[in-house]
2 protein chains.
Amino acid sequence: MNTLAEENYLKCIYHLSADAGIVSTNQIAASLNTKASSVTDMLKKLADKVLINYTRYQGVSLTPAGEKIAVGIIRKHRLWEYFLVEKLNFKWDQVHDMAEEMEHISSEELIDRLDEFMGHPKHDPHGDPIPDCNGKFKSAELKPLSTLTVNQCGVISGVRDHSSPFLQYLEKQQLTIGKTITITDIIEYDHSVALKLEANKEIHISREVANNLLIAL
Amino acid sequence: MNTLAEENYLKCIYHLSADAGIVSTNQIAASLNTKASSVTDMLKKLADKVLINYTRYQGVSLTPAGEKIAVGIIRKHRLWEYFLVEKLNFKWDQVHDMAEEMEHISSEELIDRLDEFMGHPKHDPHGDPIPDCNGKFKSAELKPLSTLTVNQCGVISGVRDHSSPFLQYLEKQQLTIGKTITITDIIEYDHSVALKLEANKEIHISREVANNLLIAL
DNA sequence: TAAAAAATTTAGACTAATCTAAAATATGGA
DNA sequence: TCCATATTTTAGATTAGTCTAAATTTTTTA
């Protein structure tokens, strides 16, 4: 079908274009830890396969065919993450690298059966939505915690940073998916945030943490 | 660690040396559907890494390090096959190609947790023994059904041919792992075998089938 | 709006894994 | 034991993906 490298480029372009629409060569190079010249080579190949729209110097976007492949890989990634956490008892900060390998197992039937085995979960352990077998999914309207105001209340529903250190920090602070929080104070000076957890526990987080925590109102 | 190709060569050499001890370049080429010259190149690389014992024109065997890697891959393959059949309800003739991909997922912790999740199974769906996390396993003393004599009785415990058509045929004849059979007749003319299944059902199989069915006495 | 800076592409080279064709070595039968 | 045949290795080429360095194009800014 497609090579490992091709799949990784498509997935990367998909994620980057969520923010930007059109994605630049340098963005891809930075995201994949490779060089811009390598990216250019691959873009030509993907354009030949009609998986991306590409004109020299003008950046790229996915074609419908390319997007379909990317979403399929993301579906696999998130289902395997769910499996690793729910069935094999891994922590949410341990599963990313394993899922990064498992997302390239090719069988569609395998992933559909895995989906069924787990009861068609709607979200992965980090709160990201899992596309269904047709690639459909709706991403909830989430806002960074940093955009809330005092007394606003919401449910932790996602993260913008998937790194282990960040996830471990959240775990320690009990700031995990599904928890309800209420903003009690916002410090003008450094934009840090004080908030109340369910058991009335008060905690205080930096602006950066608040920026990377996504809340459903 | 090691590349996909290296892992496949090591696994292949492991399987071939079960019969022969020392394995020839041509045997490997035939088994991997590649050319002898490609095999020679890879053998040099594996010898440099001290994963095989290799002298030009003299065939190869695995070093302890090479065998350890091969057994690790086989452990993964068989555990994933067990998972696919027991948890995702695939048939025993459907799982080989998927496991062929999954055996290269690198995490040791993943495979150990999978092993635990499934209750440390001792055999895969085809009756092959699953090495434990130290690479230890004992293969039962199995004999091809074709070597039994009239009135001998035993339990179907393995197959020598893992191809879908053979496994599907066995399934249809209810000749599956764990079934007890008794030889009722051996036809001199073509060495075909008549046998009795548990429910006193009588069936008749060719010499070739009898050769590929492994029995524990 | 033109020069400087940044981004991108091209050119040429490298590695891993493969191939074909030719050369070298081993083996088995007369 | 020697030759024909089979097996294996070498030589040289190819493809995918990557790299560095140089050239080109775009963007910024003065």
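Chain letters run A, B, ... following the sequence lines, proteins first and then strands; every chain starts at 1. Being a predicted model, the structure only gives us computed values, none of them experimental. Values reported hereafter were calculated over all heavy atoms of this structure, with side chains retained and with hydrogens, waters and symmetry mates removed.
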Taking the inter-plane angle between the rings of B:Phe117 and A:Phe117 on a 0 to 90° scale, is it parallel (under 30°), tilted (30 to 60°) or perpendicular (over 60°)?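 Aromatic pair B:Phe117/A:Phe117 classed perpendicular.
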Could you tell me how the ring of A:His77 sits relative to the ring of A:His96: parallel (under 30°), tilted (30 to 60°) or perpendicular (over 60°)?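 Taking A:His96 first and then A:His77, their aromatic rings sit tilted (interplane angle of 30° to 60°).
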Rounded to the nearest Å, what distance is computed from the [atom1] atom of residue [X] to the [atom2] atom of nucleotide [N]?
X       : N      : atom1 : atom2 : value
A:Gln58 : D:dT24 : CD    : C1'   : 13 Å
B:Asp48 : C:dT15 : CG    : P     : 14 Å
A:Asn2  : D:dT15 : CG    : P     : 19 Å
A:Glu6  : D:dT18 : CD    : P     : 10 Å
A:Leu46 : D:dA16 : CG    : C1'   : 12 Å
A:Met42 : D:dT18 : CE    : C1'   : 10 Å
B:Lys44 : D:dT8  : NZ    : C1'   : 10 Å

Does any residue of residues 31-41 of chain B have a heavy atom under 4.0 Å from DNA chain C, and if so, which ones, in number order? B:Thr34, B:Lys35, B:Ser37, B:Ser38, B:Asp41
Between [X] and [N], is there a contact of a side-chain N or O with OP1 or OP2 at under 4.0 Å?
X       : N      : result
A:Arg56 : C:dT10 : yes
A:Tyr9  : D:dA16 : no
A:Asn26 : C:dA6  : no
A:Tyr57 : C:dT10 : no

Partners meeting side-chain hydrogen bond (donor to acceptor under 3.5 Å, both in side chains) with B:Glu116 (sequence neighbours left out): none
A quick test of your reading: do over 12 heavy atoms of other residues, nucleotides or ligands sit less than 6.0 Å from NZ of A:Lys49? yes
Please say whether more than 12 non-hydrogen atoms of neighbouring residues, nucleotides or ligands are located less than 6.0 Å from CD in B:Glu100.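 Enclosed.
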Closest approach of B:Arg113 to A:Phe90 (non-hydrogen atoms, all atoms of both residues): NH1-N, 3.4 Å
B:Phe83: partners by ring-ring contact (aromatic ring centres under 6.0 Å, His included), with sequence neighbours left out: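 ring-ring contact (aromatic ring centres under 6.0 Å, His included) list for B:Phe83, sorted by chain: A:Phe83, B:Trp80.
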